[in-house]
Structure formats: C-alpha cells, structure tokens
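Small disclaimer: the values here were computed from a predicted structure and weren't measured.
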Amino acid sequence: MNRSLVQLFPFHRRLSRILLSSTVDVSVDRAGLPFEIGAAMCCDPFRRYTSSRVQPRSLWEGSSYETLLRKFESALPDDSLEEAWEAFRNFKMLHGFPEQRLVSNLIASLSYSSSAHWLRKAYDLAIEISKEKPDLVQRESFSRLSLALARTRMPVPASTVLRIVLERGKIPSQDILSALFLHLVKTRIGSCLASDILTEICEYYLNHFCSSGTRKAKKINLMKPNTTIFNLVLDSCIRFGSLIKARQIIELMPQVGVIANANSIVIIAKIYKMMGERGDLNNLREHIDSISSPALSRQYWQFYDSLLSLHFKYNDVDAAAELMLDLYRRTRSLHSSSVLPHVKSYGSQTQCFLQVGSSNLRTGSRIIIDSLNSKNDFLVAAKSQSGLILFVDGKLLPSSKAIAKLINGYVKERNIDKLSNFLINVQKEAGIVEVDLCSDVLHACIMLGWLDTAHDILDDLELAKIPVGANPYASLLNAYLKENMWEESKVLVNQMKKVGFIVSVCDEHGESSCVVENTGANHLDKRTSNLVKKSDLLQFLELEDREYNFGNQLVYEFNSSILFFCKAKMIEDALKTLKQMRQRNVQPTVLTFSYLVDGYSSLGMFRDITILWGEMRRQMEYGMLAADRDLFDCLLWNFLRGGYFERAIEIINYMLKHNMYVDKWKYRREFLKYHKNLYRSLKASDCRTDAQNRRLEYVRAFRKWSGIDR
C-alpha cells in the first residue's frame, strides 16, 4: 500500500503542473486532446478519470486559428466594420497578421467608409503593417487608402501611406495618382507634400530608367508622372505662393521627359509673371502667335495677360504697346480667316521648346511643349489673372486697366508722341467702327488735369488725319477757361475752327464756358466706346498715377541677372550683381536669396550657404525679409546634405516658430541617404573636442526629432 502511494506521488505532481499552467505549449493529437494526457488515459484508468477535469488553454488553442479566421472572413463581405475589426484584432492577438489577401480586403473596406474614425483605424493599421510585416504592403489597397485620406482633407496621413507604397518600389496607377494629387493640392500642407512626393517619384523614375535595359525601360516608363500631375502641383504653387518650389518642379519636367500642354504654358506663364522672369516667355510668344486662331484664343489669353503684366513690371512701355497693338491686328485678321497658320510640326504634334535651367544648352534642358494638346487635363482657373487682357466675343483685347498703365507710363516718361502713335495705329488697325479709343483717352487726361498731354495728343491726331468728335475739343476748351489759360484756349479755338467746328464762348456769373456746334454731324459724338468705359479708364488711371514707382522694375532686373549667373554657375558674377543691388538701395527679396542658395548648392559650397543664412537671419529680425517656408525648406535640405546639423536644427526651430509645416519624412529620408551611419557608435565620452561633442549632440537631436531614434 505504501509502495503504491509512493509510486503515485510523482504522477500527482506532474498532473498538478499541467492543471496550474495555462501557457504551456502542448501538442494535440487527432482527438483534440493533449498528447501526454491522451497517452496517459490509454495506459492508466486513474489518469483517464483525473484528466476529465483538465481545461487548460492548450486544449482549444489548436482550433482557435480556424475559428477566428472563419469569423474574420465572414465579417468582411457584410460591411460590418465593427465586427470585422474586432475579429481581426482577436486573430492578430493570438496568431499575428492573416494572409495578405484578407489584410488588403480589410483596408479596402475601411477605406470605403466615410467615417474619419475608421479611416484613422485604417491608417494606423497601415503604419503597423509597414513596421511589423512590410511584406503585406499591397499597392492597390494602400493606394486607395491614401486616396480616401486625401479626399477627407487628411494630407499628412495620405502622403505617409503613399510613401510607404513608394518605399517598397511600387507606384500607383496613373488614374489613382492623378486623383490623389487632385485632392492633395487643395490645402497648403497638402501642396507642400505633393511637391515633395512628385520630386521623389521623379527621382525614383530617373534612377531606375537610366539603369534599366530596353525591355525594362518600357515598363518603367509607365511609372512616369503625367502632365496632369505636374499641372496640378504647379497650379497649387501659384495659389499658395510657393514660387521656389514651382521653379524646382518646372526644372524636373524636361528631366523626366514630360510633354507640356496648353495648360502647362498658361501655368508656367503665371509663375514666371510672379517671379518677374519674362525672357523665356518672350521667346515662347513667337510660337504661340503662330498657332493663334479663334478656337485657341480662350486657351491662351491668360498667357498674353501674364506677358503683358511682365512688360509693365519691367516698365517696358514700348514692349507693352507693341503687344497690345499686335492683339488689335490679330483681332482684325481673325475675322477674315479662322484657319491655323502654317506651323512647324513633328509627326502628329505641333511642338516647340522652352529653355529651363541653365541658358547653356550643354548644361540646361528644354521642356517639350505640345501647344495644341490639352485633352484629359483640367482647365486653369482665370481668377488669378492680372485683368490686363479681356476675352470678348472670341477676341483678345486690352482692358481699361492695361490702357491706363500704358498712358501713365508714357506720361511719366514724357513720351507723348509714342502714346499718340499708339492711338493712331490702334485707330487704323482696329477700324473706327470697332473702337473710339482716342476720345476715351482724351477725356481721361482732361479729367485728371493733364491738359497739355490732351492737347498734344489732339495735335498728333489731326496731323495723322484721325477724326475726333467735338466732345473732346469742348471738354478741353472748358478746362482751359476754368483754369484761366487764355493763351492755350485761343490756340485751341483757332484749331477747332480749322477743323470745322463753330465755337461760341459765353460768360455766366463770372464763369466762362463754350458751346461747340459740329457742322459735319460727326457720328463719333453720338456713340461711346465699345472697348472701354470712360469711368473705368479714368478710375484705373487715377489709381496708376498714385501707385506709380519708377524704381520697382530694378528688383526684377537684378533678380533676373542673379538667376542667370547662378544657373550658369558663375557665382562670383552673381555676388557682384548682389553688391550692385545694395549700392542702388534695392532690397534683396526671398527669390534673390533662393537663387544664391541654389547657385552655391550646385557648386557644393555649403559653408557659404551658412554665411548667407546669417545675413538672411539678420534681415528677418529687422523686418526687411519675409519668413518664407520654401526658402527655409531649401536651406534645411542644403544644411542636411552638407552636414551642418546645428544650422539644420536652427532652421527647424525657425519653421516651428512661424507655424510652418516641416516634412519629417523627407528630411529623415535625406539624412539616411547621406549620413546613415554618422556617429551611431560614437559616445560623448569618446569625443576629443568640444566642437565634436556639440556636433554629436545636434546629430542626436536631429535623429530624435525626425523619428530615426525612438
């Protein structure tokens, strides 16, 4: 008896361990019982009895995989997100991630939801997958999730999910990518992210296209961003004033080989107008003029508006007059023929080139422009135009604002003869039935008190035998009498009699006035101008007279020269121009410094950029330079690339101080690209100098800020 109890004691001790432990992994036989217990039941009746009470977790762990998986699969088609999500979490808690097909279906179901709650759940799941099981990243499901996030104005999560896809070497289809960018560029932060992502896609395309063979090149060519994506991003740069970023995107177009269309021309023209760059637009105008037709006038009227605005910015009144007069000529010619003139064509496309980057053809590049193609693209909004060109009845005509700028420019330069020649040519080219611009201009000058100007124009019109109605003469004579300018009034009366007007001067209550009778019954006195309203012209002319500043064009001229030298890598000449700029008391702008930063960067002179940053910082502190996000972004990129981490942290603090968005993903990517293993094994105790110790601190600070080190 005692011996049997002694033999049973070890068994009871082993059995108690099984009963108390719920975490022990036990193999299961076909009956669903633990292998050890099943074997004991067959050999010993006592074990069979005692094992009937054993219910450890190891008993049901084997079958839970199929049960939870079936529950998860059945919940997905029912669109019950709550049940599907709960089943997924239960499954993952015990068995990890399910297969890729089920994960993709779950993300797709969550993406179709309009609830921000479920979209956030889907985003968290995507981040979790990218960190724990990146092999489950699937292009279609992640791309649709990114699109859904962009639609709900969540640009940062949308860009993060898209970048996860791109990081795996996968690029969404062109349709999804175009729709994603369409929603992404609607916000300021989204526009910044869209610009950076487009740059990353172009870099990926260029790196793989250049290194691939002929067979792979055709497949990789499908990854190239299309023209619509470039136009969307550039248009958003205009809306949010991101000129530095826009210039970088424009320079990417020829590198990737994107063919610009009519919308691209209009958008680029607007960007150049805001930057003050008109050289390339002048060259492009020759091609646009050659394809002009009534059908294309609406398409390109904003191009002419931007070019005319640039002429006035440069105070080049002669160029503005020539462009406006050419529009009048084209208006008449388009009435006689609507057939496209002969243009140089390449195959089935009508193409030309726009030089970007360096003006040196060996180092620069050219955008191919198919100026007749705008299919499958959005229409550029006309709300950001300058209002200098009007589209009226299929014709492009200068507006009251443009006429006022032209008059004011010639009057300030005292070139009244050129103003008269312009009016004479307009009257001859447009035809008297179409336009009576002369009377409108004379009336505006008289109302502003520019009596000598009005009289000089009248003399020039008479010499050119351009008919003028009696009203301008009467208005000018009354103005002379009101100002007691008797000599001038006598000259004008004699002049009027020669033309054929009967003049009588009367004096009522001590005030002189005149009455003019027209013997020829001139029809000009019975009509007003079809082109401009006198009140509009007078209002714009008054405004231009108050706001006119002759020195404004100097900043555009200096910036254009600095940009030219920086593109040609002639940094010394650029600095000489900057010195001349200061000597003329012309304040450098954000664009001025951005050109210099790019010039230094192209030569690898990162230390000089730190010196230039010191000057920019002083000017910002004195309120002489605006804090611009694109400029900070450019500086931060160059400081990271050059290894100036103290300056990089300083720029980050400036951006956060001014509530500017900082793209951590972009800068983390740049750091890992250039300084992946920098100071990874170095400790503070190993630093030999204080400078090395400070550098180590700033490197660690950046790694922590960017999320590289947790």
Side-chain angles (χ1 to χ4, degrees), residues 147 149-156 158-159 162 177-199 201-202 225-253 258 260-278 281 298-310 313 356 367 374 376-389 391 589-591 594 626-634 655 658-663 666:
L147 178 58
L149 292 168
R151 280 185 183 140
T152 54
R153 301 292 179 93
M154 301 168 68
V156 177
S159 65
L162 177 60
L177 205 58
S178 299
L180 199 155
F181 274 91
L182 175 64
H183 294 284
L184 206 57
V185 298
K186 292 179 180 179
T187 61
R188 182 179 294 276
I189 294 178
S191 176
C192 297
L193 290 168
S195 303
D196 293 336
I197 291 174
L198 180 56
T199 302
I201 294 175
C202 291
N226 57 31
T227 307
T228 300
I229 294 176
F230 275 93
N231 289 347
L232 285 169
V233 175
L234 289 175
D235 187 59
S236 70
C237 291
I238 295 175
R239 291 199 312 272
F240 299 112
S242 302
L243 299 183
I244 300 175
K245 191 71 69 176
R247 187 169 65 86
Q248 296 171 352
I249 298 298
I250 291 174
E251 292 179 356
L252 275 176
M253 295 179 72
V258 173
N261 58 18
N263 283 334
S264 307
I265 295 176
V266 173
I267 295 171
I268 292 174
K270 289 183 177 182
I271 293 170
Y272 281 178
K273 178 192 71 175
M274 298 171 69
M275 294 172 58
E277 294 296 321
R278 67 167 179 168
L281 291 190
R298 179 184 291 273
Q299 214 163 19
Y300 289 111
W301 69 287
Q302 295 180 72
F303 169 82
Y304 289 108
D305 184 275
S306 299
L307 182 57
L308 184 58
S309 176
L310 279 171
K313 281 185 176 182
V356 297
I367 299 177
S374 60
N376 301 324
D377 200 5
F378 69 103
L379 295 176
V380 180
K383 60 183 180 180
S384 59
Q385 56 159 347
S386 303
L388 300 178
I389 303 294
F391 183 77
T589 64
V590 169
L591 287 176
S594 72
D628 184 83
R629 186 202 173 275
D630 285 353
L631 183 58
F632 285 141
D633 181 80
C634 187
M655 295 180 76
H658 292 89
N659 296 320
M660 297 176 180
Y661 175 72
V662 189
D663 189 357
K666 171 185 174 180

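A salt bridge does not link Asp235 to Lys270: none of the charged side-chain nitrogens sits closer than 4.0 Å to a carboxylate oxygen.
Counting only heavy atoms from C-beta outward, the side chains of Met253 and Leu234 approach each other to under 4.5 Å. Leu177 has its side chain within reach of Ile201: a pair of non-hydrogen atoms, C-beta onward, lies under 4.5 Å apart. Residues Thr228 and Leu182 fail the side-chain proximity criterion, which asks for heavy atoms closer than 4.5 Å. Side-chain atoms of Phe303 and Leu281, non-hydrogen and from C-beta on, do get closer than 4.5 Å to each other.
Scanning both residues, Phe632 and Met655, for their nearest heavy atoms gives CB-CG, 3.7 Å. Listed here is the closest heavy atom pair of Ala260 and Ile367: CB-CG2, 3.8 Å.
Rounded to the nearest 0.5 angstrom, Phe230 CZ and Ile267 CD1 are separated by 12.0 Å. Leu310 CG to Glu277 CD: the interatomic distance, rounded to the nearest 0.5 Å, is 8.5 Å. Atoms CD1 and CG, from Ile265 and Asn231 in turn, are 10.0 Å apart once rounded to the nearest 0.5 Å. Distance check, rounded to the nearest 0.5 Å: CG of Leu388 to CG of Leu308 gives 5.0 Å. Atom-to-atom distance recorded for Asp630:CG and Arg247:CZ is 10.5 Å, nearest 0.5 angstrom.
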**Study point:** Lys313 and Lys273: CA distance, side-chain angles, deciding distance, side-chain contact (heavy atoms from CB on, under 4.5 Å) verdict
**Key:** CA-CA 9 Å; Lys313 281 185 176 182; Lys273 178 192 71 175; 4.1 Å; yes
**Study point:** Worked verdict on Ser195 versus Ser242 for side-chain contact (heavy atoms from CB on, under 4.5 Å)
**Key:** CA-CA 10 Å; Ser195 303; Ser242 302; over 6 Å; no
Practice item. Before giving the answer on side-chain contact (heavy atoms from CB on, under 4.5 Å), spell out for Ile197 and Ser159 the whole-Å C-alpha distance, their side-chain angles and the decisive distance to 0.1 Å. Key: CA-CA 8 Å; Ile197 291 174; Ser159 65; 3.5 Å; yes
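Judged purely by distance below 3.5 Å, without hydrogens or angles, the side chains of Asn226 and Ser178 pair a donor atom with an acceptor atom. With no hydrogens or angles considered, no side-chain donor-acceptor pair links Thr199 and Asp196 at under 3.5 Å.
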